[in-house]
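Working notes, beginning with the structure itself.
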Amino acid sequence: MSADVPGTSARSYDEFRDLSAWSVEQYLQLTGWTRLELVRNTYGVWARDDESASLLLPYDQTLRDYRRRFREATDTLTAVTGLESEALALEIVAARKDVFLLRADQSTSDGSIPFLEARRLIAGVETLLTSAAATTVRPRASTAGRKPALVTNFMRDDVRMGHTLHGSFVITVLASDGAEEARRRNEWEKRITTGSDSLSEGRRDDDEELTSFPRQVMSTLASGLRSTNQLTQAPRDMQTVDDAVTAGVTAQMLEAVQDMSSIEGLRALDMAFKWSKLEPIAADMPTRVLLDREESKTAGSYIESFTKQPDVEQDTIIGQVVRLDRSEGSEDGQVVVDGVVGKRRRRVKVPLSGEEYRRAIAAHDQSRPISFAGTFERRSRGWRMALGASITDFTAPPEGSATNTDDA
Amino acid sequence: MSAATTPDTWDRERHTPNGAPYGNLHSTHTKEQYSIAFVHALATRARCKVDGLAVDDEQVDVTIRQRAKRLHYSRTAVDVQLKCTSRDVIKKDGLHFSLPRHQYDGLRERGIIPKILVALAVDSEFDNWMKLSSEEILLRGSAYWIGMDDQPEISGESTTLLLPSTNRFDVDQLVDMLHRIDQGGKP
């Protein structure tokens, strides 16, 4: 159902224009549905794994009954999820994109806020995202200055603004790996066109075990905002600042929070995250952070401490070898280490020479923690160590048992 | 009162014994609503589900489904476009129904679920459509159907479809039709 605004091209939510068969299928695939039937270029039949529901999803928009069949499918999803219209659309998008919702909790007049305040909120969100991306590339207390290409590419290619939602004033930010999404869509179109389910759904390269950069940025943003909230309750000392920097707080994040919170009549910044199901998410990652006006003022008083904080680069990772990779006939190889760098959990690819690689195999066989030293390099989908990394230590295993880390 | 001075059935005022006036729904909408009620009653007698009544698009009025398990898709379904006429359209060989080309072309567009046209012929006198008593409601009319998915292209600006006399739209034919669809056949 949609309503056009007379005399304009503006309209309310319209399931046929705001949702696509591709996005609905991605949602189904990631939320416990299985495709039972695929009729080339025409439709797919999906059923929930617990057999509690099934639906037909049409693909071909030129079909006479496309809209009727599509509506039947979304009606079924509404009945299954209890969500309808914009809420259902957001749920569908959030299956494959991380969603950040910033709601300015303030008194409004007829659902509106002053234009200049809206601009401040948008600018504040841009600063939060840019700063989170920059400190993801290289953790530091202040991200002022020229940004790495990875950050500008992220802001250009991977971040989108969704429909604004009702409920005071809500900004919707969607983040996903743009190139990966385009690849997945292309794969999907091939599958629909050929009627074959045999095509791979996985990533095309060997980076599948690494977390995508957009996910890392959004995780940094979430943990940074949570830590900003905690700053207001913690004793003021250097350890507190160190911990906050490790969590992703930057001077720019604090400035943005302070600026947005100073809007007249604002009671709180109510921020929520919905995590895409395409990648695993740490269990302790926040889904909501509420910063009230007074807390934001307190957090703002930390800005100077952050701008004076020296940059520290970590160059050692301690953890478990979770993957070994060596070409046939080669002595050298590459391992993936799941471990900690400072206080941060990371998965890092480490290229190793023959001798070092054999030691890594031994550590893997014995499930023993191992540490590597070297220079970290940020790549589009994760961290690597530059060539020349070396094993610095086999940490002694805990008595009586091997140690395993959880998946990040 | 002579026939010449009797107001048209749609212009005649009707009141309850207590003097309350009937509604003023337009004749076209009255026919539309009646045909839906007619088909709904037949589908109910066949214990089939009628879907999509509130939706008015793609020249489909309702979807009739044989299986009605909640939240479950079933391929045993047919889309139905309803027409209602009080003209003298029933001949020996069936019901002859004229359609302008744009409507005809819309009806024969390809879809996922098969589509039929159901035409309901009713008396020209509105008061004869329905008989109500404390015991029953009797819906009067003769309905015929025709599958629309394989209709040929036409060159003229209109066409007259023959809905054969063998295609009476009744409970048995509806159930048989859905069975054929379930077997992968046509209505």
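Remember, it's a predicted structure, so these values are computed and weren't measured experimentally. Reminder, nothing fancy here: chain letters follow the sequence lines and each chain counts from 1.
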Quiz prompt | Pairing residues for Asp11(B) by the side-chain hydrogen bond (donor to acceptor under 3.5 Å, both in side chains) criterion, not counting sequence neighbours | solution = none

Quiz item: Heavy-atom distance under 4.5 Å between the side chains of Arg110(B) and Asp60(A), does that happen here?
Solution: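 Of all side-chain heavy-atom pairs linking Asp60(A) with Arg110(B), at least one is under 4.5 Å.
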
Quiz item: Should Tyr73(B) and Thr76(A) count as side-chain neighbours, where that means a heavy-atom distance under 4.5 Å?
Solution: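 With C-beta onward as the side chain, the pair stays apart.
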
Near [X] [atom1], under 6.0 Å, is it more than 12 heavy atoms from other residues, nucleotides or ligands?
{"X": "Asp127(B)", "atom1": "CG", "answer": "yes"}
{"X": "Arg160(A)", "atom1": "CZ", "answer": "no"}
{"X": "Gln33(B)", "atom1": "CD", "answer": "no"}
{"X": "Glu84(A)", "atom1": "CD", "answer": "no"}
{"X": "Ile137(B)", "atom1": "CD1", "answer": "no"}

Self-check item: Arg64(A) bridged to Asp79(B) by N-O distance under 4.0 Å
Solution: yes

Quiz item: Is a salt bridge present between Lys115(B) and Asp65(A), judged by a nitrogen-to-oxygen distance below 4.0 Å?
Solution: no

Self-check item: Heavy-atom donor-acceptor pair, His72(B) side chain to Glu51(A) backbone, under 3.5 Å
Solution: yes

Quiz item: Non-hydrogen atoms of chain A under 4.5 Å away: do they reach the side chain of Thr63(B), the backbone, both or neither?
Solution: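 Both parts, heavy atoms under 4.5 Å.
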
Exercise. Pick one of side chain, backbone, both or neither for Arg75(B), based on which atoms fall under 4.5 Å of a heavy atom in chain A.
Key: side chain

Quiz item: Roughly how far, to the nearest 0.5 Å, is CD1 of Ile112(B) from CZ of Phe70(A)?
Solution: 11.5 Å

Practice problem: Rounded to the nearest 0.5 Å, what's the gap from OG on Ser54(A) to NZ on Lys69(B)? Could you check? | Solution: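 NZ of Lys69(B) is found 8.0 Å from OG of Ser54(A).
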
Practice problem: Write down the atom of Ala79(A), the atom of Leu71(B), and the distance for their closest heavy-atom approach. | Solution: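 Heavy atoms only, the tightest pair is CB-CD2, 3.2 Å.
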
I'd like a table of donor-acceptor pairs (distance under 3.5 Å, sequence neighbours excluded) in which one partner is a side-chain atom from residues 174-185 of chain B, with atom names and distances.
unit_1    : atom_1 : unit_2    : atom_2 : d
Arg180(B) : NE     : Pro187(B) : O      : 2.7
Arg180(B) : NH2    : Pro187(B) : O      : 2.4
Asp182(B) : OD1    : Thr76(B)  : OG1    : 2.9
Asp182(B) : OD2    : Arg67(B)  : NH2    : 3.4

